[in-house]
Structure formats: C-alpha cells, structure tokens
Asks: 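Before I ask anything, let me first share the structure, which is written out below as structure tokens.
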Amino acid sequence: MDSKNQPSKTVYAKTVKPPVIQIGPIGWIRKNLFSDWFNSVLTVITVIFLIKTVPPLVTWAFVDSLWFSTGAECHEAGGACWSVVTGNFRFIIFGFYPHDQHWRPFLAMILLAGLLFYSQNRDHWNKYLAYGWILGLFLMGLLMKGGILGLDTVESTQWGGLPLTLILSIFGLTAAYPMGVLLALGRQSRMPIIQSLCIVYIELIRGVPLISLLFMSSVVFPLFLPEGVSFNNILRAQVAIILFTAAYIAEVVRGGLQGMARGQYEAAESLGLNYVQTMRLVILPQALKIVIPPSVSILISAFKDTSLVVIIALYDLLKTTQSTLTNPEWMGFSAEAYIFVAMIYFTCCFFMSNYSRRLERELNRSNR
Amino acid sequence: MTANHNSKTSGKVSFWNDPSKRSILYQVTTLLLIGLLGYYLFSNITHNLARQSIATGFGFLQKEASFEIGEKLIPYSAADKYARALWVGVLNTLLVSFIGTILTVILGTFVGVSRLSKNWLVSRIAAIYIEVLQDIPVLLQLFFWYAFFYEILPSPRQALQPIDGVFLCNRGLAFMVPVFQPAHVYMAISFGIGCLIVFVLRLWSRKRQEKTGKYFPLFRSSLGILIGLPMVTWWLSGAPTRMDIPVLTGFNFKGGVNVSPEFTALLLGLVLYTSAFVAEVVRAGIQSVSHGQTEAAMALGLKPGHLLKLVILPQALRVIVPPLTSQMLNLTKNSSLAVAIGYPDFVSVAGTTINQTGQAIEGVAMIMIVYLFFSLITSAFMNWYNKRIALVER
C-alpha cells in the first residue's frame, strides 16, 4: 500500500465509544426485541405466552416425573411417566427380536451410524466408499438374519423396532436410486415409447399416496405371484417403498440432468463417446453431484414415511411403541411414549437436514 | 451426420450401427418384455382369483354395504350400496382436505412471516416450530393428537372451555353456532350482491385509472362493501343474536356443532405438519424478492400498500404458488392416514370394502384413481397458473 494514503495516527487518537444502550446486551435487546412499539408488543405477548406454558411443561416433564418405576406408581403420580420408555426400552427399540441376540441389531445400527459418519466428509467420496457401503449393507443384513458363522437364524418376521425402520429406509433408498436414475434417463430419452412409459410410471406413483402402494403390497402382490410362491410382509413392504421412492428420485435426478449444459453432451459426442459412455463418464457424475442435497431430503422423507408400515401391521418403531401402550400396566401414557419416539425421529432428521443444507452451501461454493 | 445420411441412401451401415433402427429395436424389445410380464402377472391373477373364488369386476358396487360409517356428509345407512359408502368416503376426504388447506395456508403464512420477523424471540420460536414439526412423521403426530383427545382431555363433564361457547373434551370439540334464521339467507344474498358490486367497481376503477390516471381506493372500499352490506342486512332484519350453545346432556354435548375426536385429531395433525412446510415456502418466496425491488419502488414514490400489492406480492407469489400447490396436494394425500386413527375417509372405506368383498385389485385401483384424479386437477391448475404468470421476457 502507498504510504501517502495512510492517514496519520492522530486522527484515530480520540475515539468516542457508542452510547452504552446501543451496544452490549442492552443494545442487543433494544435492537432485537424492542426496536419499535409493534416489536415491543410482540415481545411482551410472546414472553407472557412462554411464562404461561413453559414452567408447567417443565414441571410435568422433569419435576413431577417418574423415570424408573412401575406402571401402578405412575398412575398415582401426577407428572410425566418416563418409566413407560425406560421400562420397555428394549422392546420399543428392538421389537420381537430374540432378547439374548439384541447385540446383533445394535451392532448393525452402530455399523450404519459409522458408515454414515464416515461418508459425511466429501474427501472420503470415492469408489472404495461405494464398495464399503455395499459390504456394510450386506454385513448388516447378515447380522440381522444370521444363519452362518455360528449365529442363530432370526426370521425377518421377528425383526422390528428401530432396526426395521432404518433397514426399510436405507435399503429402500439404496435400491431405489439406480431405478430412479434409469427412470430419469428414460424420461429424457428420445425414444417415444420408453419416454411415455417412464412418464406414466413417475406421474402415476407420485400422484397416489404411499399407503395405497402399501395396501397393494399387502393384498394385491400375493395375487400376482404363482401358486405356492410367497414373500414375507417385510419384503413386500420394502418393494412398495422402493417403487414409491424411485419415482421421487427420478424427478430429482431429472432436475440434475436438465441442469447440465448442452456443451457437455456436444463435447462428449465430439469425442466419439456413445450414449452409455456419455452418461457414465460425463453426464451422470456431474448431474448426480448436483442432486445430492435433494437426495438427502428424499432420504429424510423416506425415513419418515416408513412409519406408515404401521398400517399394514409391521412392527416398526411406531408399532412397537403402540403395542407397549396396549399393555394395561402402561395404558394412558401415550404422550410420553410418543414424545420419546418423536425425539428419535427428530434427532435423525435434524442431523440429515442440517447436513444436506451444509452440503448445499459447500457445493455452491465449489461450483462458483 | 454423414454416417446417418449414408445409411439412408446406400445402406452400407449395418443395421446395428444405425441409431434410428436401433432405437426401434430397443423400444420393441421393451414393449415385448413389458407385455410378457403383464401377461404373466395377469395369468397368475386370474388363476389365483379362480382358485380363491373371488369375483372380479365392479359389480360389487351395487351390492349392499352392510357396514355403518360414523361420520357422513350425506345420509347413509348400512342398507345402502357400496357405491354410496365409497362416495361418503370421498366426501369426507374432500372435507378434511378443504378445511385443512384453508387452515394450513393461514397458519403457514403466519409462521412464515413470523420466521422473518425482526423480533428475535418471535423468529426463533417460528424456526423451532418449523424444524420440529417437519422432522416428526405425520403419522406419529396424528397418533399423538388422537391420544391427546382420548387420554389427556377430560370427560365432557369437566370439559375445557378455552373460549366461551367452545368445549374441548375426550368426546371431541363442540362449539356454538348462530341459530338458523331467515336473516342469514338475506345476509348471504347481500354478500353475493356485494361480490357483484365489487367486481363491477374493479372494472370501472381500472378503466378510469387507465383513462385519467386517478386512483380509486379499491381494496378498502371492497372490504367495506363485502363486510358492511351483510352487516347492514343483519341489522335491518332485526339483529338476531340467538346462539345454539352446546349443552351437556347425559354423556355428551347436544346442540351447536360437534366434531369427533378423530376428525379434530386428523385435522390438527395434518394442519400443523403441513403448515411447517408451507411456512418455509412462504419464507423463501418473500426472501426471493430482492431488497432492491423495495428500494426502487420506494424511490418511485409508491405507498407501502401499493409497494406490497404491485411489487412484492406479484413476484413473491410466482415463487410461492407452485410449491404451495404441491404441499396442498401432499395434505390431501396424507389425509389417507385417517385410516390409522379411524376417521372414515376414502381409503378407510375402501379398506373395509376390500376386507368384506375380497376384491383387492378393484379396491386398490379405485383408491389410486381417486387420488390421481385429485392430483391431475391440481397439476392442471398449476399449468394454467404458471402460464398466466410466466415472465414475459424480451
């Protein structure tokens, strides 16, 4: 910098501090809570509302509450009965999985959490991570099912609780992704028959509620199969979830494909690449990168939507909670039990959506 | 290009290397595969149906349903036909979606605007509301509100009375309504006349503004006409104030309007869940209008009301309406979860029908067709709206 432009120090010698009511906590409160009369009225109303609602809730949830007691003691106490959760914790989380084998679904969940945690960092995204995921999902299935390596076989009819919820959503998304990509490519294709088939499929599935597909999986799928062949409930629900999710993924991927510049196709063509090579080497790697944040949103809704399997009587997290509540000892404590389940769902979804937002910011920055 | 050209004229390029012929081959193969799969499934179905001696076709619609439906908008009894039972279900779905949509838009806009409030406390609370309600499955929320009604709320005898004339208890929600009187008919008629006047006024004021540039305070005067005219009619016809107040008789409330716990829980769950998404949509829409637009409009000398009406809203609505419509459609689709808490919506009635007749294929097909119909109407509206508001660029 030019020395001539530097102002002499004497100019800064005497600095006047801003008035005390404009800085520090007081200034912050004035600026954010009482900037004008309307704001002040809003603040007062909100504070009154909070004073009316929060203390009774805190008293109910933490002061008068029972944490480790029997149901009978709960019925006499006035506060929240968290014992309904602590007393049935393992059933709510693992469902009818054999009690002495609970370490297996637990280990599977740890494995999944580890994989998710490791995949968070974008520096780790490469081919080996994909192989790692395939291996990890396979190991999870093996842990759940057993049958070899001295593990007892646990039929999938006994799976339940949180592991089932996670399996339905993670496997659902993994299997639906390739299908969704194919559907998106089909929708973009210039072949009229293939294009219209894909459009019909995507719009049909997106137009109906998931529950109608689940109904279909539980009552119509068996009719499709030849005599004597049958799938179990969980697999059928999984198929319905995959078919449903694929349509939504197709739309997300289509967004990514449409975001590709025309020059990319032309460049690939001029290099002499054929359709499959163009897609595999040029277009899809870029398009799929764009659509990762919306794909995480789809994972979130798939995770939330698996709770609908309650309606076709699968024992997922919500159903195990409900069946705990039908026990006369714990009847009447639905609020506590549902709040607990809601917290599990909230924690998972909150981390995923935060992650998706962060990723979006990072990708935007690197694209610039 | 040349290769393509050659293939058409000289036929030197082999069949396999001609993209247009290859694409025909691909499509024919796909069609054949799908046809084969369809034939296989169809033959399985006919075989299985014959084996289980299940009837096919929609003949069952004309049979007696012989089950009761708790809540209905049209007269229905167990002696009626399946077709009528299903129609009752469709109407219930429409009712819940209609009321839900209105409440969701109001609540969602309110929360979305609060989220942008300069007041730190208000915007924090709105942020928590949005984040928490979005991240909890709607089915869980429905179960929670259902349990709230049946377990937490007191019996009708100790019913809560948050506002005068509104009663909350484990038998649902009861609130008072005005006793029907001829005055109400007159009020409705005068409201209709008011709408007509406003419509004419709008045409006139626009024409006058185009001709002379004079501005007419349309919004305020129409509001005055729409509210004032029915009020004057009400006053002229003797100002009847008699209310039909719910009274506790026996085990439940009589009089007023009674809403079942199932309906209230369904509505509450759907509205709270969807409004969190709508709030985000509204927030994004308002934020999409850059601050420069506001400054430019103020520099042109527009009043705050005109600024909102002529500059901000038209631009924000273009961003808001498409995702808003899809949220409304989501609400309609999610209303199918009514089956889990025992409100007789269409899916629930169709489910009962499937159980009784065993005709699963027809039942599921009907569910799909009804919801597809809803979503087709919605997307037709969307396309119309998008075309209408599309930016006309140079």
Side-chain angles (χ1 to χ4, degrees), chain A residues 28 31-33 35-36 38-39 42-43 46-47 50 189-194 197 203-204 206-213 215-216 219-220 222-227 275 300 303-308 310-311 318 321-322 325 331-335 338-339 341-342 345-350 353, chain B residues 19 23-24 26-28 30-31 34 40-41 44-45 47-49 51-52 54 117-122 125 131-132 134-141 143-144 146-148 150-152 329 332-337 339-340 347 350-351 354 360-361 363-364 367-368 371-376 379:
Chain A
W28 184 88
K31 189 166 164 254
N32 289 298
L33 298 179
S35 59
D36 51 31
F38 180 68
N39 236 338
L42 268 186
T43 307
T46 320
V47 168
L50 286 179
S189 141
R190 281 195 217 97
M191 301 181 226
I193 293 176
I194 290 184
L197 280 175
E203 295 306 326
L204 188 83
R206 277 159 42 93
V208 300
L210 173 59
I211 192 174
S212 64
L213 284 186
F215 266 161
M216 194 163 119
V219 292
V220 181
L223 293 176
F224 281 150
L225 300 172
E227 204 177 336
Y275 178 79
I300 296 176
F303 182 64
K304 284 190 292 178
D305 282 346
T306 49
S307 60
L308 301 199
V310 170
I311 294 166
L318 202 47
T321 312
Q322 277 197 318
L325 291 169
M331 224 175 247
F333 301 116
S334 308
Y338 287 147
I339 286 175
V341 179
Y345 274 108
F346 175 76
T347 319
C348 298
C349 295
F350 183 70
S353 63
Chain B
S23 93
I24 293 176
Y26 284 149
Q27 300 189 55
V28 170
T30 317
L31 265 189
I34 289 180
Y40 174 69
L41 294 180
N44 275 343
I45 286 177
H47 177 73
N48 281 327
L49 289 180
R51 193 165 50 91
Q52 299 173 16
I54 299 173
S117 164
K118 267 183 269 172
N119 190 313
W120 182 83
L121 211 54
V122 172
I125 291 178
E131 193 66 55
V132 168
Q134 274 191 349
D135 284 351
I136 299 173
V138 58
L139 187 60
L140 178 52
Q141 295 193 29
F143 282 150
F144 180 85
Y146 190 62
F148 175 77
Y150 275 102
E151 289 178 4
I152 295 173
L329 195 57
T332 312
K333 282 194 278 177
N334 280 337
S335 74
S336 59
L337 299 182
V339 64
V347 172
I354 291 175
I361 299 172
V364 172
I367 296 177
M368 290 187 162
Y371 281 94
L372 270 181
F373 183 67
F374 290 154
S375 62
L376 280 182
S379 52

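Chain identifiers are assigned alphabetically (A, B, ...) following the order of the sequence lines, protein sequences preceding nucleic acid strands; residue numbering begins at 1 within each chain. This one's a predicted model, so the numbers in the text were calculated from it and none came from an experiment.
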Asks: Report the option among A:P209, A:G207, A:P192 that has the most heavy-atom pairs separated by less than 4.5 Å from atoms of chain B.
Replies: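 The option with the most such pairs is A:P209.
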Asks: Indicate yes or no: at least one non-hydrogen side-chain atom of A:I193 is less than 4.5 angstrom from one of B:T30.
Replies: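 A:I193 vs B:T30: side chains apart.
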Asks: Side chain, backbone, both or neither: which part of A:L204 has a heavy atom under 4.5 Å from chain B?
Replies: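 Backbone plus side chain of A:L204, per the 4.5 Å heavy-atom cut-off to chain B.
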Asks: Among residues at least two apart in sequence or on other chains, which ones pass salt bridge (charged side-chain N to carboxylate O under 4.0 Å, His left out) with A:R190?
Replies: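 A:R190 satisfies salt bridge (charged side-chain N to carboxylate O under 4.0 Å, His left out) with no other residue.
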Asks: Under the salt bridge (charged side-chain N to carboxylate O under 4.0 Å, His left out) rule, collect the residues that match up with B:E151, sequence neighbours excluded.
Replies: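 B:E151 satisfies salt bridge (charged side-chain N to carboxylate O under 4.0 Å, His left out) with no residue once adjacent residues are dropped.
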Asks: Which residue out of A:M216, A:R206, A:Q322, A:K304 racks up the most heavy-atom pairs below 4.5 Å with chain B?
Replies: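 Most heavy-atom pairs within the cutoff with chain B belong to A:K304.
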Asks: Please work out which of the three classes, parallel, tilted or perpendicular, describes the rings of B:F374 and B:Y371, given edges at 30° and 60°.
Replies: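 Plane angle over 60°, so perpendicular.
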Asks: Using non-hydrogen atoms and a 4.5 Å limit, figure out which bit of B:V347 sits close to chain A: side chain, backbone, both or neither.
Replies: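 Both backbone and side chain.
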Asks: Tell me if the aromatic rings of A:F224 and B:Y40 count as close, with their centers under 6.0 Å from one another.
Replies: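 A:F224 vs B:Y40: aromatic centres not under 6.0 Å.
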Asks: So which residue, A:T321, A:T347, A:V219, A:L318, ends up with the most heavy-atom pairs under 4.5 Å with chain B?
Replies: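 Of A:T321, A:T347, A:V219, A:L318, A:L318 has the most heavy-atom pairs under 4.5 Å with chain B.
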Asks: Carefully, step by step, assess A:S334 and B:F144 under the rule side chain to side chain contact (heavy atoms under 4.5 Å, CB included).
Replies: CA-CA 7 Å; A:S334 308; B:F144 180 85; over 6 Å; no
Asks: Measure distances from B:I367 to the heavy atoms of chain A and classify the residue's part below 4.5 Å as side chain, backbone, both or neither.
Replies: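 For B:I367, side-chain heavy atoms alone lie under 4.5 Å from chain A.
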Asks: Please state whether the side chain, the backbone, both or neither of A:I211 comes within less than 4.5 Å of a heavy atom of chain B.
Replies: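 Side chain of A:I211 only, per the 4.5 Å heavy-atom cut-off to chain B.
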